[in-house]
Amino acid sequence: YLGNTLTDIASEKAGIMKENVPCIIGAQTQEALDRGVMTVFEDHAKTLNVPLLRYGHEWSTQESSSGFTLTLKNKTYDFPTPSLLGAHQIKNVSAVLVTLLTLYPTSNIQKLSHAIQNTTWRGRLQRLSTYDEKYGEVWLDGGHNDSAGQALADQAIRWSAQDKKPLHLIIGMVNRKNPEEFLTPLLPHIANITVIDIPHAEASWSAHALSEVIKSFATCPVNTSTSPHDALSAQGKDTRILITGSLYLAGAILADIENKVPQKNEW
């Protein structure tokens with residue numbers, strides 16, 4: 001719908017700009033910058049007299065051991081580490097902060113810091129503490145595209161630096177998503193992959209079909225399982241497990257935890 005090139009997509013995204021209204025541009029991938037998406041934004045902004053606040057130009061962030069520093073038009077603000085896990089969340093929340101500080105320059109920094117430390121987002125690098133006693137360390141993320149794969153890979157690197165626990169992936173995907181694009185960034189950091197069906201999702205890969213596709217490019221062992229519980233039980237408690245690949249799968253896992261779907265013969 002938005003086009004087949006990054007610049008085509010950027011042109012459609014630029015349609016949100018309004019005349020004389022500031023527009024905040026978040027961090028872009030190097031590929032997007034190399035392809036010229038920022039030029040698309042800048043050219044469109046000129047036609048509407050839109051002041052741009054671009055990541056890497058009018059604002060930037062610098063991560064530290066205790067949080068991060070946001071620099072906006074030569075002013076600096078110190079914020080704590082976000083409660084949402086992942087290096088990408090610092091850039092995400094910074095775009096929100098730039099928006100708020102543009103709308104409300106006298107925003108209470110202490111309250112913003114409190115919000116950053118107390119934000120929750122189900123299905124996005126969510127620790128499934130309910131599973132701790134039975135399965136060990138289990139995480140859930142609804143990521144399903146190449147950008148999510150890269151964000152999860154970055155987090156996998158951080159996990160490995162912490163304790164060297166092997167990372168096991170449990171995955172299910174809808175059939176309109178590309179498994180190779182999603183998994184390629186993650187593969188160097190994964191010990192093995194277990195593929196499962198997504199319950200109650202007709203437009204999804206079967207565990208067998210998806211496992212065959214993954215085996216064609218994966219560099220680690222790939223297995224299938226009849227349920228997430230069987231897949232979790234097979235890993236051992238001294239490992240780190242990430243359930244991912246689809247928001248539909250994330251929803252099913254959370255529903256299972258909350259006993260909203262049958263736990264037997266339905267997976």
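Nothing fancy with the numbering, it's 1 onward along the sequence.
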Participant: Looking at residues at least two apart in the chain, or sitting in another chain, which of them share a side-chain hydrogen bond (donor to acceptor under 3.5 Å, both in side chains) with Q89?
Facilitator: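 Checked Q89 against side-chain hydrogen bond (donor to acceptor under 3.5 Å, both in side chains); matches are N92.
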
Participant: Should the pair R54-E42 be classified as a salt bridge under the 4.0 Å nitrogen-to-oxygen rule?
Facilitator: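 Looking at R54 and E42, the cut-off is met.
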
Participant: Quick one: side-chain contact (heavy atoms from CB on, under 4.5 Å) partners of P185, sequence neighbours excluded?
Facilitator: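 For P185 the side-chain contact (heavy atoms from CB on, under 4.5 Å) partners, ignoring immediate neighbours, are Q150, A153.
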
Participant: Would you list the pairs meeting salt bridge (Lys or Arg N to Asp or Glu O under 4.0 Å) in which at least one residue belongs to residues 14-39, sequence neighbours left out?
Facilitator: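 Residue pairs with at least one partner in residues 14-39: E31-R35.
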
Participant: Hey, could you give me each pair passing side chain to side chain donor-acceptor pair (under 3.5 Å) that has a residue in residues 171-193? Not counting sequence neighbours.
Facilitator: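 Side chain to side chain donor-acceptor pair (under 3.5 Å) check on residues 171-193 returns H168-N192.
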
Participant: Return each pair, listed once, that meets salt bridge (Lys or Arg N to Asp or Glu O under 4.0 Å) where at least one residue sits in residues 204-223; pairs must be two or more places apart or across chains.
Facilitator: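 Applying salt bridge (Lys or Arg N to Asp or Glu O under 4.0 Å) to every pair that reaches into residues 204-223, excluding sequence neighbours, yields E212-K215.
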
Participant: Could you work out, with side-chain hydrogen bond (donor to acceptor under 3.5 Å, both in side chains) as the rule, every residue matching Y131, not counting sequence neighbours?
Facilitator: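 Residues passing side-chain hydrogen bond (donor to acceptor under 3.5 Å, both in side chains) with Y131: D256.
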
Participant: By ring pair (Phe, Tyr, Trp, His ring centres under 6.0 Å), which residues pair with W59, not counting sequence neighbours?
Facilitator: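 In terms of ring pair (Phe, Tyr, Trp, His ring centres under 6.0 Å), with neighbours along the sequence ignored, W59 is linked to Y55.
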
Participant: With Y135, which residues qualify under side-chain hydrogen bond (donor to acceptor under 3.5 Å, both in side chains), at least two apart?
Facilitator: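 In terms of side-chain hydrogen bond (donor to acceptor under 3.5 Å, both in side chains), with neighbours along the sequence ignored, Y135 is linked to H229.
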
Participant: Keeping to residues at least two apart or across chains, list the salt bridge (Lys or Arg N to Asp or Glu O under 4.0 Å) pairs with something in residues 67-91.
Facilitator: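 Found none.
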
Participant: Could I get the full list of side-chain hydrogen bond (donor to acceptor under 3.5 Å, both in side chains) partners for T5, not counting sequence neighbours?
Facilitator: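 Only T7, D8 meet the side-chain hydrogen bond (donor to acceptor under 3.5 Å, both in side chains) criterion with T5.
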
Participant: Could you list all the salt bridge (Lys or Arg N to Asp or Glu O under 4.0 Å) pairs where at least one residue sits in residues 142-153, not counting sequence neighbours?
Facilitator: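 Applying salt bridge (Lys or Arg N to Asp or Glu O under 4.0 Å) to every pair that reaches into residues 142-153, excluding sequence neighbours, yields nothing.
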
Participant: Could I get the full list of side-chain contact (heavy atoms from CB on, under 4.5 Å) partners for I9, not counting sequence neighbours?
Facilitator: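 Scan of I9 (side-chain contact (heavy atoms from CB on, under 4.5 Å), adjacent residues dropped) gives L2, K13.
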
